[in-house]
Amino acid sequence: MSQISQMDFSYFPGCSLATTAVESSLSMIKSARILGLNLIELEDWNCCGSSSASTLCKNLALAMAARNLSLAPAGRPLVAMCPRCLHYLRSAQLCLRDDGETRRNLEEQFGRPINLDVEIIHFMEVLVRYGLNRLGEKARRSLKGLKFVPYYGCTLARPPRLSRQKYFQGEMENILTALGAEPVTTALSHRCCGSFLSATDPEVVTPLVNEIIDSAVASRANCLVTACAMCQLNLEIRCTTKTRLPIFHFSEILALALGAEDYEEWFVRHLVDPRPLLQDLALVA
Amino acid sequence: MDTASQKRSLADAVMARSGTNFKACYQCRACAGGCPFIKAMDYPPNAVLRLLQYGMTQEALTCKTIWVCVGCHTCSSQCPMGIDLAAVMDTLRLMAVEEGVAIGSPHILDFHEEVLRSLERYGRAHKLGIMLRHKMSTKSWFKDLDVGLKMLAKRKLDLWPSKVKDIKEIAGLFQCYWRETS
C-alpha cells in the first residue's frame, strides 16, 4: 500500500454531532483517518450559537461563535460538518473582520487572540480539495446499486449573507458517484427539513417531511444521503409515509465505501434500519 | 414626533438593521409560493413586507409568521428583486423581543429561551433537557411522546449533557442583552 501524506485539520463537531448524531461524527473521523486527513477536535469548543442565540441576542450569538474561533490554532483549517455551525462560524468571522472594536473587546474577554485568517470549511469541501485522488486508492466497497437522493437541506445552498462564499452544489454527487453510487436528482434535495419547528410544531413538519420522502420514493431512490445531522434526524422522526427509506449521514456512506467495519454501532442508532438495504446490496454482512 | 413618523422610523430601522431594501417588493408572491411553512403562517412573507411598507410595524412585530420562519432562505433565493426576506424576519424577531410586544408564537420563543438556558448552563445544547423543560412550560407532556420514547430507545437523546470545561468563560458570554432583559 502506498504511503499517503497526513494532513491536520481542526474539527468542530457541534452539539448535534457530539450527541444525537454521534454516528455522523464517528463515521466522519473514521473515513477521514482512512484518507490520511487527521481531524483534531477543537479543544473545549462550545455551541456555535445556533438559531436560538441568533434569534434572541446577536451579541451573544457572535460571542459564542467567536470563542470557538479564538480556540482554533493557526495554520490549519477548521472543519465542520453541520451546515448551521459552518454558517454561524463563518458569519462571525466575516463580521469580526469588519468590526475591529468588537473583536478587540472579545479578545480582551478571552485573553487570547481571535485568528481571523483560519479557513472554515465544510467536510465535503475538504474531500473535494484534498481527498479526491485518495478516494480511488482507498475505496474497498463499491456502492453500486445505491440510488441516493443527495439531500443538502437549506443551509448549504448559499444563504445570501454568505453569497460570495463557497457553493456546495453537486459535491455529494461527485464524491459518491466516484465510489459507484447513483444519484437521483429529481427529488426534493433542497427543501427545508423543518429545522426547530420539528420540536415546537411537529404537525407542521410531518407533511413537509412526507413530501420529501414521497418525492424520493417516486424518483425510485432507495435511500437519502444528508449533509446535515438535523435534517437526518427530522427526516427520520417526522416521517409517517407508508414506504420509509433509510436516511444516511453522508459520512456513513463514505466510511462504508472506504471499508469501515464498525458500522453496526452507527446503524443501530437509526430509526429506519438501513441494514436490510445494505444487505441487499451486499455492502454489509 | 407624530405617530405616523414614529411608525415610519420603525420601518426604517427594520430596513437599516436587516440591510434589506424591502421597498423594492412589488408583491409578486414568489416568496409565498416557495415558503415550505406558509400554511403555519398568519401572513405570507410578502404580506409582512407590505405591512412594513404601509408603516404597520406593530402588526408585523406581533405576527406569527416571523416566528414560524426558520431562516431556510428559500424566499430570499427566489425573490426576483433580491430582497433577503429571511434577514427581515430575523430583524423583526429581535425587535419584537426588544420592544416587548405580544409575541405571535409564544411557544416558539419559549423553545429558543430553553435552548439559551441550556447553552448558559453547559456551553452546549442538551436536547433532552431542552425538550423536557419546553414541555413543562408549554404544558404539552403527551404531545409527541412516542417520538421522544423512540429517540430514547435509540440512544439519540443523551441523559447527561456534553459540557464545556471552562464554564466561567461561557458565563462571561452571557453578560449580554438577553440575560439582562429576560
What are the two closest heavy atoms between A:T200 and B:K143, and how far apart are they?
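Reported closest heavy-atom pair: O-NZ, 3.6 Å.
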Distance-minimising heavy-atom pair for B:H112 and A:S52
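Of all heavy-atom pairs spanning B:H112 and A:S52, the closest is ND1-OG, 2.9 Å.
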Point-to-point distance, once rounded to the nearest 0.5 Å, from [atom1] of [X] to [atom2] of [Y]:
X      : Y      : atom1 : atom2 : value
B:D144 : A:I237 : CG    : CD1   : 7.0 Å
A:S51  : B:R93  : OG    : CZ    : 8.0 Å
B:K156 : A:Q232 : NZ    : CD    : 5.0 Å
A:D201 : B:W67  : CG    : CH2   : 13.0 Å
A:K58  : B:R17  : NZ    : CZ    : 9.0 Å
B:Y122 : A:C15  : OH    : SG    : 12.5 Å

Quick check on the interface: out of [options], who has the most heavy-atom pairs with chain A under 4.5 Å?
options                    : result
B:K163, B:R155, B:K39      : B:R155
B:A40, B:G19, B:G71, B:P36 : B:P36
B:L116, B:V115, B:D110     : B:L116

Atom NZ of B:K64: over 12 foreign heavy atoms under 6.0 Å
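Check fails, neighbour count at 12 or below.
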Would you indicate whether A:E43, at its atom CD, is surrounded by more than 12 heavy atoms from other residues, nucleotides or ligands within a distance under 6.0 Å?
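12 or below, so no.
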Close side-chain approach of [X] and [Y], heavy atoms under 4.5 Å:
X      : Y      : result
B:W178 : A:T55  : no
B:D158 : A:V22  : no
B:H126 : A:T19  : no
A:F196 : B:V70  : yes
B:R179 : A:L60  : no
A:N46  : B:L119 : no
A:R238 : B:V147 : yes

Go through the atoms of [X] and report whether side chain, backbone, both or neither lie under 4.5 Å from a heavy atom of chain A.
X      : result
B:C35  : neither
B:L173 : both
B:K165 : both
B:Q175 : neither

Would you say [X]'s side chain and [Y]'s backbone share a donor-acceptor pair under 3.5 angstrom?
X      : Y      : result
B:R124 : A:W45  : yes
A:D44  : B:D166 : yes
A:N59  : B:C176 : no

Which portion of [X] sits near chain B, non-hydrogen atoms under 4.5 angstrom:
X      : value
A:L208 : side chain
A:E203 : side chain
A:C47  : both
A:S16  : both
A:L106 : neither

Using heavy atoms and a sub-4.5 Å threshold, report which of residues 266-277 of chain A line up against chain B, by residue number.
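Listed by number: A:V268, A:R269, A:H270, A:L271.
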Between A:R67, A:Q109, A:R191, who has the most heavy-atom pairs with chain B when the cutoff is under 4.5 Å?
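Among the listed options, the one with the most contacts to chain B is A:R67.
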If you tally heavy-atom pairs under 4.5 Å against chain B, which of A:C193, A:A66, A:C192 wins?
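Of the options given, most contacts go to A:C192.
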Worked check of side chain to side chain contact (heavy atoms under 4.5 Å, CB included) between A:T20 and B:K154:
CA-CA 10 Å; A:T20 339; B:K154 291 281 175 185; over 6 Å; no
